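Have a look at the structure below before the remarks.
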Amino acid sequence: MNTIIKALNSENPDSVVIKEAAQIIQAGGLVAFPTETVYGLGANALNEASVKKIFQAKGRPSDNPLIVHISSKEELPPLVEYIPEKAKILIETFWPGPLTLIFPKSDIIPYSITAGLSTVAIRLPQNKIARALIETAKVPIAAPSANTSGKPSPTKASHVIEDLNGKIEMILDGGPVLVGLESTVVDVTGDIPMILRPGGVTKEMLEEAVGEVLVDPAILSEKALTSTPKAPGMKYKHYAPKAKVTIVDGELSKVIAAINQFTKEKQAQHLKVGIMATTQTKDAYKGDCIIVVGDRNHPKTIAANLFDTLRAFDEAGMDVVLAEAFSYEEIGFAIMNRLQKAAGYDIVKV
Ligand code: AMP
Ligand code: MG
């Protein structure tokens, strides 16, 4: 298949290109498009055959449900059985934005989207290209991240091209994304909302809006790989680069010393060593490939660059990657969740 690739201005997308993309969705095809979190791979959510194509193109396990994207709050009621009171507050506070909510599904949502579950995940994104596409297609759009399953999520169109060129009808290039980590997933079907996947909307932000918020204990550690997390996707060892990633956690000066020591040991075994450094620490290392993931004083920069950095170590042909750990506070919780998955939960405490 010849994949059409079109660049768009994310503030003012060309309506002719959006129309072309919307027609592909209406005809049952697949279009990759930017959202503020990561790039999504979209299909008509109400068409079972189109939804199945998403799983094929990504190589996604069929027991991992998809998020349905809408372009306005008015599009929500037909897709769900009812809207819980606390969900109404979260919608008013955080939509449009990087927050996905889990509702009891209505009958028009096919089970291929929900992987057989009676609940459905829904999000109203902020990105103007995403919203124009959904609005013009006039259907809700099912869209997981537009990567090959198991690879880091795409935060630039070039990542999507690397994984899906030739497998889908169209890629809309809206430049690098804003947040860089997938949306926060919150289950609002119980009395107290529960975070199933941490993301850009933090626990602290959610609690300020609705009071107590729980965290699915299965996502906090490698338990996610063996127990049954409530978001089925969390059990997969996602976000893994080809290189073996190890996280080094502790006081920063000790982390630097340990990473330099490990680097010498690995290099003695003729392994190529990549180091994931920060603005504050980059000059303290001597690896084969040192990449600054962001600024420790501005954790959002780390979130925005994390997946691109993991892909870059693969492009540079590194065998191992040594990564500094970050604080688990606020956005740090989502960063460390993704980094732990990339490392297969290999963390050295120093
Ligand atoms: P992705 O589309 O790659 O960002 O992954 C979507 C995430 O949302 C995965 O972790 C899914 O398991 C989760 N998810 C989607 N639908 C549901 C649902 N009905 N219940 C719980 N988690 C869900
Ligand atoms: Mg994904």
Side-chain angles (χ1 to χ4, degrees), residues 38 147-148 150-159 161-163 176-181 198 221-222 225 237-350:
V38 300
N147 54 308
T148 302
K151 289 245 258 165
S153 289
T155 56
K156 292 175 174 171
S158 62
H159 301 158
I161 294 168
E162 194 178 300
D163 285 9
V177 300
L178 208 63
V179 180
L181 300 178
S221 68
E222 58 202 311
L225 295 176
K237 190 195 157 200
H238 268 334
Y239 320 114
K242 291 177 211 130
K244 165 91 185 68
V245 181
T246 298
I247 303 168
V248 185
D249 195 0
E251 198 189 300
L252 197 53
S253 61
K254 288 186 182 156
V255 167
I256 292 169
I259 288 181
N260 280 327
Q261 179 60 32
F262 293 149
T263 301
K264 276 190 206 147
E265 290 168 17
K266 300 286 179 196
Q267 286 177 334
Q269 299 165 33
H270 306 289
L271 295 170
K272 288 215 151 105
V273 181
I275 298 173
M276 193 186 285
T278 49
T279 315
Q280 285 74 13
T281 59
K282 63 179 194 307
D283 297 327
Y285 297 118
K286 282 193 197 69
D288 298 295
C289 173
I290 297 160
I291 302 181
V292 174
V293 66
D295 182 336
R296 288 188 159 270
N297 298 328
H298 302 281
K300 281 186 179 174
T301 60
I302 296 167
N305 293 323
L306 181 64
F307 291 145
D308 185 45
T309 304
L310 291 172
R311 282 182 182 255
F313 283 122
D314 276 348
E315 265 161 47
M318 294 300 107
D319 301 303
V320 294
V321 169
L322 302 169
E324 297 171 8
F326 301 101
S327 148
Y328 284 77
E329 300 293 304
E330 305 195 357
I331 186 78
F333 187 46
I335 294 170
M336 286 307 294
N337 170 260
R338 305 310 194 275
L339 193 52
Q340 286 188 4
K341 279 162 148 287
Y345 301 93
D346 183 17
I347 306 179
V348 178
K349 297 237 156 84
V350 293

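Model, not experiment: these values are computed from the prediction.
Atom OG1 of residue Thr246 and atom CE of residue Met276 lie 11.5 Å apart, to the nearest 0.5 angstrom. Here Asp314 contributes atom CG and Lys151 contributes atom NZ; the two are 7.0 Å apart, rounded to the nearest 0.5 Å. Rounded to the nearest 0.5 Å, atoms NZ (Lys244) and CG (Leu322) are 9.5 Å apart. Here Lys254 contributes atom NZ and Ile256 contributes atom CD1; the two are 13.0 Å apart, rounded to the nearest 0.5 Å. For the atom pair Met336 CE and Ser327 OG, the distance stands at 9.0 Å (nearest 0.5 Å). Distance CD1/Ile291 to OG1/Thr278: 13.5 Å, rounded to 0.5 Å.
In terms of heavy atoms, Leu310 sits closest to Pro152 at CB-CG, 4.1 Å. Across all non-hydrogen atoms, the minimal contact from Ala258 to Val248 is CB-CG1, 4.0 Å. In plain terms, the two heavy atoms of Ser153 and Val38 that are nearest each other are CB-CG1, 3.9 Å.
With sequence neighbours excluded, no residue satisfies side-chain hydrogen bond (donor to acceptor under 3.5 Å, both in side chains) with Glu330. With sequence neighbours excluded, the residues satisfying side-chain contact (heavy atoms from CB on, under 4.5 Å) with Leu178 are Glu36.
For residues 299-341, the set of pairs meeting the ring-ring contact (aromatic ring centres under 6.0 Å, His included) definition, not counting sequence neighbours, comprises Tyr239-Phe307. Listed by first then second residue, pairs satisfying salt bridge (charged side-chain N to carboxylate O under 4.0 Å, His left out) with a partner in residues 272-289 number zero, not counting sequence neighbours. For the salt bridge (charged side-chain N to carboxylate O under 4.0 Å, His left out) condition, the pairs that include at least one residue of residues 289-312, sequence neighbours left out, are Lys156-Asp308, Glu162-Arg311, Asp163-Arg311, Arg296-Glu324. The ring-ring contact (aromatic ring centres under 6.0 Å, His included) analysis of residues 245-304, with sequence neighbours excluded, yields no pairs.
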Let's go through Leu339 and Ile247 carefully: what are the C-alpha distance in whole Å and the side-chain angles of both, what is the deciding distance for side-chain contact (heavy atoms from CB on, under 4.5 Å) to 0.1 Å, and is it a yes or a no? CA-CA 8 Å; Leu339 193 52; Ile247 303 168; 3.8 Å; yes
Would His159 and Asn147 count as a side-chain contact (heavy atoms from CB on, under 4.5 Å) here? Give the steps. CA-CA 7 Å; His159 301 158; Asn147 54 308; over 6 Å; no
Evaluation steps, side chain to side chain donor-acceptor pair (under 3.5 Å), between Glu265 and Gln261: CA-CA 6 Å; Glu265 290 168 17; Gln261 179 60 32; 3.1 Å; yes
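A heavy-atom distance below 4.5 Å is found between the side chains of Arg338 and Pro198. In this structure the side chain of Leu306 reaches within 4.5 angstrom of the side chain of Leu181, judged on heavy atoms. Side chains of Lys341 and Asn337 form a contact here, defined as non-hydrogen atoms less than 4.5 Å apart. Under the 4.5 Å side-chain criterion, counting only non-hydrogen atoms from C-beta, Val321 is not in contact with Ile275. Between Thr263 and Ile259, some side-chain heavy-atom pair lies under the 4.5 Å cut-off. Residues Asp346 and Val245 have side chains not in contact (no heavy-atom distance under 4.5 Å, counting atoms from C-beta outward).
Judged by distance alone, with hydrogens and angles left aside, the side-chain atoms of Asn305 form no donor-acceptor pair with the main-chain N or O of Gly294 at under 3.5 Å. At distances below 3.5 Å, not a single donor-acceptor pair connects side-chain atoms of Asp319 with backbone N or O atoms of Lys266.
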